[in-house]
Structure formats: structure tokens, C-alpha cells
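Data block below; observations after.
Both ligands and their constituent atoms are indexed starting at 1 by order of listing. This one's a predicted model, so the numbers in the text were calculated from it and none came from an experiment. When a residue number appears, it is its place in the shown sequence, counting from 1.
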Amino acid sequence: MLTAASAVTGLILPTGMALAQAAPASSPAQAGNAGHYRFRVGDISATVLSDGLIGGPPRVYASDAPEAELQEVLRRAFLPADRLTLNLNTLLVETNGRRILLEAGAGQTMGPQGGRIFENLAAIGLSPEDIDVVVVSHTHPDHVGNLRTADGGKAFPRATVFAPRADWDFFVRNDPDLSYMPVPEEFRRNFAAAIKRSVEPVTTGIELYEAGAEIVPGLTTLPAIGHTPGMANFLVQSGNDQLLLTADLAYHPIVNVDRPWLPGPDRDKDTALASRRRIFDMAAADRLLVLGFHYPFPGLGRMLKTDAGYAWVPVNWQF
Ligand SMILES: [Zn+2]
């Protein structure tokens, strides 16, 4: 055993030293774990790029859960009782020579753990100038926050930005009534202001779409309203392969998929529930690969229909 252990140590050590020489330990890319995840949808190259994390009280994301049941679900998932952490899984799609980013991410609009998309782009050898198109599913701050640089410019300077028209009308062109959101009044005010501030640099030239529209060949939007007036889902297709991006139909699978609890930030909870069931039923029936924007990174899995509702089944990590 001693010989085997020595042999293993001998194999690993030089590799580790070589890596350390190639990229100093102080490099940001070496500071944590991978924030990007590559896979393919037919001929289309896809990469989940994490923008980091946000989160809040579990009650916000499971508005109608009985308190004792909510606490038991969190306890059995080994999660804290007072905070549910959500991921920010943006997706880079490369097709026909164009780089399309699905969701811009939060930046710093909803806490200090967002805004990592730029270092994750750099980790795969790209810069914000390389992005041709940005499509957002809805205009909440965690989906549009990165559109603005710290000094007020366009964070993706060459990109055409697509947003759903009904959300633009509700959040950007008007002063939205956010009294339906189960959060303090000051949070609502900051939330509304963060949206207008984030999209300000891209207001000129914004492409407003109706859900159902094709953005580019292979990328279609699907109506998924209720969470917001205009929220869309995305379907990426190539050959027989499909990927469904469910945006904010659910925040975290343990409370909104494995349990049927309603997200508090859903503006019209009945319509959101109908959208969730219609799209989850489609995902389950067609055994679609699904990307959940807020699910644990990289957010890929499938929906299983069960007697009680649905179950989320993450896919295995691919190397
Ligand atoms: Zn969101």
C-alpha cells in the first residue's frame, strides 16, 4: 500500500506544481470552483455561465407553504432555515457564428455575490465585446442587472438586447405597482429603480419581442406569463436535440418543483401556476433537457411527473 500511495503522490504533485506555475494562486480564476459548464444541443455549443448567487428568506419563494412543512423540507435538504440561496445560471449559446447570451444576470443589483459573469466569460477566453445578442426572459433586476457598467455604459457594447414587450411596458415605461411582492416597501422601491437603472444604457436600440417569436434560427421564445406580465421561456433546438430554459417558473426545485409552493414574487399567481403546469407537463412528456435559471449550478436536469406533482432530476456532470 505504501508503494501505491507513493506512486500516486508522485503522479499528482508535479501536475499541481505545473498548474500553479501556469496560473498563480492569486489569479481570480483559481480562487474558487468552476463557474462555467459546457455541453451541446445538437450542433449548437452551449455554456452555462454563472453570475453568482442571490437569495432571501425561504418564505419569499414558497409563499403558501405551511411553516412546519417548509422547515421540514429545508431541514431534510440540509439547508438553513432562514435563507434560501439561488443561483444565476445564464446561458451562452453559440450558433451560426453568433454568440447569444440568455439572461444578463444580476450584477450587484441584488447583493454582493452577483456579477461574476465577466470573470466566467474570461475563463472561457471571451470578453463582453464578443457577445452579439442578449435575450432576457423578463426584466427583473437579477435578469437585467449586468446590462449596465459601473460608470453607466453598455456592459455588452456590441450586443443587440431583446426584452419582452409586456415587461418593458410594465416595469420600464411605467411606475409599476409592486405591492404584490412579499417584501418590505423599501426593497420594492429599490427593485423598481434597479430595473430602470440597469436597462437605461440599452433603451435606445432595444428589440422588444412578443413571446412566441423566434430570435434567431434554433432559438424560440415561449409564453410563460404570470411571474411578470411578459415572462418568456426559451427553447433551443438543433436536429433532434432540445433544451428548455424555464426562467423563473420556479425558484428552487425543492420548494417549487418537488413541492408545489407558489413563489411570492409571482405577480399573477393563478396565471403563473397555469404557465408552470403547462410547461412542466411539456418538459416531462417530451423528457426535455431543462435549465433552471435559479437552480443549483449548473441548473440542468429533467422534470419527472409524479402522482403528487413533479420531481426535479439533475443530470450527471459531464467532463
Ligand atoms: Zn430571477
Side-chain angles (χ1 to χ4, degrees), residues 48-63 83-91 101-117 134-147 161-164 166-168 170-172 176 178 180-183 187-188 190-199 211 221-222 224-234 244-257 261-269 271-273 275-276 279-280 290-300 312:
V48 180
L49 294 169
S50 176
D51 190 45
L53 303 171
I54 59 170
R59 166 64 53 201
V60 169
Y61 310 111
S63 62
R83 185 173 173 83
L84 193 58
T85 294
L86 305 180
N87 279 256
L88 300 163
N89 301 317
T90 74
L91 186 74
L101 186 62
L102 301 179
E103 314 287 19
Q108 303 288 310
T109 59
M110 297 187 74
Q113 290 180 288
R116 301 188 63 164
I117 193 174
V134 179
V135 193
V136 300
S137 66
H138 63 297
T139 60
H140 277 175
D142 52 316
H143 298 252
V144 299
N146 280 320
L147 292 174
V161 178
F162 288 75
D167 265 35
W168 199 264
F170 183 76
F171 290 104
V172 181
L178 301 182
Y180 62 89
M181 292 180 74
V183 292
F187 184 99
R188 289 180 206 148
N190 293 338
F191 190 90
I195 293 170
K196 288 191 164 77
R197 193 175 146 78
S198 298
V199 302
T221 60
L222 307 174
I225 61 171
H227 181 61
T228 65
M231 191 172 86
N233 280 185
F234 303 126
L244 173 69
L245 291 89
T246 54
D248 287 15
L249 282 183
Y251 277 107
H252 196 297
I254 69 160
V255 294
N256 306 130
V257 182
W261 297 325
L262 306 179
D266 286 357
R267 177 166 174 265
D268 178 339
K269 291 190 171 49
T271 305
L273 178 62
S275 291
R276 191 174 308 119
I279 290 175
F280 283 9
V290 171
L291 173 61
F293 182 68
H294 289 300
Y295 297 6
F297 178 83
L300 291 165
W312 175 247

Say whether, by atom type as modelled, one donor and one acceptor occur between the side chain of Glu103 and the main chain of Ser137 under 3.5 angstrom. yes

Test of ring centre spacing under 6.0 Å for His138 and Phe170: no

Report yes or no: does Asn233 contribute a side-chain atom to a donor-acceptor pair with the main-chain N or O of Leu244 at less than 3.5 Å? no

Residue and atom, protein N/O/S, under 2.8 Å of the Zn ion (ligand 1): Asp142 OD2, His143 NE2, Asp248 OD2, His294 NE2

Given the options Asp142, Thr85, Thr246, Asn89, His294 meets side-chain hydrogen bond (donor to acceptor under 3.5 Å, both in side chains) only with Asp142

Given Met231, which partner from the list Asp266, Asp248, Thr139, Ile225 fulfils the side chain to side chain contact (heavy atoms under 4.5 Å, CB included) test? Asp248

For residues Phe293 and His143, establish whether the separation of their ring centroids is below 6.0 Å. yes

